[in-house]
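Protein chains get the first letters and strands the later ones, always in sequence-line order, with residue 1 at the start of each.
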Number of protein chains: 2
Amino acid sequence: MARRGSYAKGVAKREEILVRALEVIAREGYGGASVKQLAEAVGLSQAGLLHYFESKEELFTEILRKRDELDSESSGLDEATYSPASATVDDVRRGYVGVVRHNADVPGLVQLFARLSVDAADTEHPAHDFFLARNAQLREVFAATVSRQQAVGAIPDTVPPETIARIFQAVADGMQVQWMLEPDVDMAATVDALFDLLTGARPNGGARDGAAS
Amino acid sequence: MARRGSYAKGVAKREEILVRALEVIAREGYGGASVKQLAEAVGLSQAGLLHYFESKEELFTEILRKRDELDSESSGLDEATYSPASATVDDVRRGYVGVVRHNADVPGLVQLFARLSVDAADTEHPAHDFFLARNAQLREVFAATVSRQQAVGAIPDTVPPETIARIFQAVADGMQVQWMLEPDVDMAATVDALFDLLTGARPNGGARDGAAS
DNA sequence: GTCTATAACGGGATAGAC
DNA sequence: GTCTATCCCGTTATAGAC
């Protein structure tokens with residue numbers, strides 16, 4: 001892909017910037033930060049940072065994209081290995097709840113995500129297509145497993161898998177908003193409870209979190 | 001409450017401004033509008049508008065507050081009459097789904113609401129307490145009905161009513177985000193489907209919306 | 001490749017005329 | 001009570017030195 005050394009170096013630097021930005025935002029939070037603030041936190045001047053990105057909006061979009069990239073690497077699952085046909089409801093539950101629980105450790109990223117989610121409603125926003133694709137992809141794998149589990153009778157089939165996927169996505173997003181407003185709220189436990197409602201039962205021997213409210 | 005004529009007039013004008021602002025935003029949308037834009041849409045200069053409000057943030061917070069006020073009036077229910085002890089699951093379902101469906105008619109307000117929801121995570125934001133109180137109150141009446149219906153066996157009691165209320169609030173908020181991104185999504189139908197999951201059955205003879213996805 | 005400097009802009013808030 | 005005018009600030013984006 002990268003044909004010239006200088007170009008490849010630029011790309012590498014770009015990646016490095018994104019990783020650093022992720023660390024900073026996760027650790028120190030994101031309060032509608034300006035490019036300048038982020039630049040300094042990352043060890044560059046404002047102009048130096050924008051040298052690598054078209055605009056502020058594109059910069060922050062790329063940060064979220066990089067987050068996804070790192071998350072899917074660290075969890076050791078890419079699209080090929082994720083959600084095998086043998087996945088049970090409990091497998092999906094563990095994965096989904098785990099992701100949500102992890103989010104509580106990176107408040108700044110959650111805030112950036114939430115902010116960009118609403119800004120990206122504008123079709124012209126650089127993150128618009130990113131969110132469309134990301135959401136669709138997440139719902140897709142989720143719905144696929146739900147569908148198989150419905151066929152097996154582990155989940156009621158009164159609601160189509162795609163709709164169930166939308167509901168879970170909405171709960172994940174919506175709980176983030178509640179949690180930003182009230183940090184004591186247990187996002188993961190609440191999502192876990194939704195699985196209870198879905199299956200009509202507790203997970204097999206799964207340890208329970210504390211109360212959700 | 002209002003003791004002097006001039007003061008009462010100021011308050012009246014303030015109300016009038018808020019109502020006008022609501023109409024404009026509901027009709028023409030809200031694209032992160034500036035005070036100036038809103039002022040002109042409302043027939044005042046920027047300074048003239050700010051004469052009635054402490055700041056931009058307070059202004060937009062009051063707009064949402066007024067929205068709630070008008071909505072609860074127009075639906076003819078205040079806290080005293082709402083959610084009587086005799087309310088069935090279907091009553092709550094109809095009300096809740098109706099509210100969500102109504103939101104699809106006022107995209108600008110949904111966007112303003114979503115935007116302020118994330119800004120209000122900051123404890124210093126004027127809307128912070130507003131959202132805390134509003135959310136708590138909505139969940140409270142919802143949870144009360146859920147609790148009664150659990151006692152009657154109409155709803156599984158494996159999940160505490162407060163948690164169920166949080167889930168429904170999260171879905172309502174989260175579906176707004178999905179809908180802003182993809183206006184073809186049917187928010188109301190999806191929430192309706194969640195009621196299906198909750199009750200494990202279709203509403204009694206209730207007409208169904210189209211597919212949720 | 002990265003910086004300093006600055007342009008170009010728009011925002012919210014305020015002073016003061018009327 | 002409402003307007004015009006303006007201030008002052010922070011922002012993003014760009015130009016140009018090094």
Side-chain angles (χ1 to χ4, degrees), chain A residues 2-21 24-25 29-64 111-112 115-116 118-120 122 124-127, chain B residues 2-21 24-25 29-64 111-112 115-116 118-120 122 124-127:
Chain A
R3 299 180 53 207
R4 301 225 72 75
S6 61
Y7 177 68
K9 175 132 180 271
V11 168
K13 177 78 180 184
R14 213 178 116 114
E15 303 294 280
E16 185 199 320
I17 289 173
L18 292 176
V19 174
R20 292 265 281 282
V24 172
I25 293 175
Y30 165 83
S34 67
V35 174
K36 184 174 185 210
Q37 287 172 300
L38 181 58
E40 282 160 6
V42 142
L44 261 66
S45 72
Q46 183 246 18
L49 175 54
L50 275 188
H51 174 70
Y52 292 93
F53 301 90
E54 303 253 328
S55 68
K56 175 192 183 175
E57 289 180 338
E58 201 241 352
L59 164 59
F60 283 109
T61 303
E62 291 307 310
I63 290 176
L64 283 192
Q111 239 184 312
L112 174 59
R115 160 72 63 121
L116 238 56
V118 345
D119 290 355
D122 183 344
E124 300 304 305
H125 194 287
Chain B
R3 300 181 52 208
R4 301 224 73 76
S6 60
Y7 177 68
K9 176 133 180 271
V11 169
K13 176 76 180 187
R14 212 179 118 113
E15 304 293 280
E16 185 199 320
I17 289 172
L18 291 176
V19 174
R20 292 264 281 280
V24 172
I25 293 174
Y30 164 82
S34 68
V35 174
K36 185 173 184 210
Q37 287 172 301
L38 182 58
E40 281 160 7
V42 140
L44 261 66
S45 71
Q46 183 244 17
L49 174 54
L50 239 39
H51 174 70
Y52 292 93
F53 301 90
E54 303 253 328
S55 68
K56 177 194 183 175
E57 289 180 338
E58 200 241 353
L59 164 60
F60 283 108
T61 303
E62 291 307 310
I63 290 176
L64 282 192
Q111 237 184 312
L112 174 59
R115 160 72 63 118
L116 239 55
V118 345
D119 290 353
D122 183 345
E124 300 304 304
H125 195 287

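When distances run from any side-chain atom of B:His51 to the nucleotides D:dG1, D:dT11, C:dG12, the shortest one goes to D:dG1.
With rounding to the nearest 0.5 angstrom, the CZ atom of B:Arg115 is 5.0 Å from the OH atom of B:Tyr30.
Residue A:Leu49 contributes atom CG, which lies 16 Å from atom C1' of C:dT4 at whole-angstrom precision. For the pair B:Lys36 NZ and D:dT6 P, the interatomic distance rounds to 14 Å; values are reported in whole Å. The interatomic distance linking A:Phe60 (CZ) with D:dT12 (C1') rounds to 12 Å, in whole Å. With rounding to whole Å, A:Glu58 atom CD is found 14 Å from D:dT12 atom P. Atom C1' of nucleotide D:dT4 and atom CD of B:Glu40 are separated by 13 Å, given to the nearest angstrom.
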Can you pull every protein N or O that's under 3.5 Å from an N or O on nucleotides 13-18 of chain C?
| residue | atom | partner | partner atom | Å |
| --- | --- | --- | --- | --- |
| C:dA13 | OP2 | B:Lys56 | N | 3.1 |
| C:dA13 | N7 | B:Gln46 | OE1 | 3.4 |
| C:dA13 | N7 | B:Gln46 | NE2 | 2.8 |
| C:dA13 | N6 | B:Gln46 | OE1 | 3.0 |

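B:Ile17 and B:Leu49 make their closest contact through CG2-CD1, 3.6 Å (heavy atoms, listed as atom of the first residue, atom of the second, distance). Between A:Ser55 and A:Leu50, the shortest heavy-atom contact is C-CD2, 4.1 Å.
A close approach under 4.0 Å does occur between a side-chain nitrogen or oxygen of A:Ser34 and OP1 or OP2 of D:dT11.
Residue pairs meeting the side chain to side chain donor-acceptor pair (under 3.5 Å) criterion with at least one member in residues 39-49 of chain B, sequence neighbours excluded, do not occur. Annotation: salt bridge (charged side-chain N to carboxylate O under 4.0 Å, His left out) contacts involving residues 53-63 of chain A, sequence neighbours excluded, comprise A:Arg14-A:Glu58, A:Arg14-A:Glu62, A:Glu62-A:Arg65.
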(request) Run the numbers on B:Leu116 and B:Ile63 for side chain to side chain contact (heavy atoms under 4.5 Å, CB included), then give the verdict. (result) CA-CA 11 Å; B:Leu116 239 55; B:Ile63 290 176; over 6 Å; no

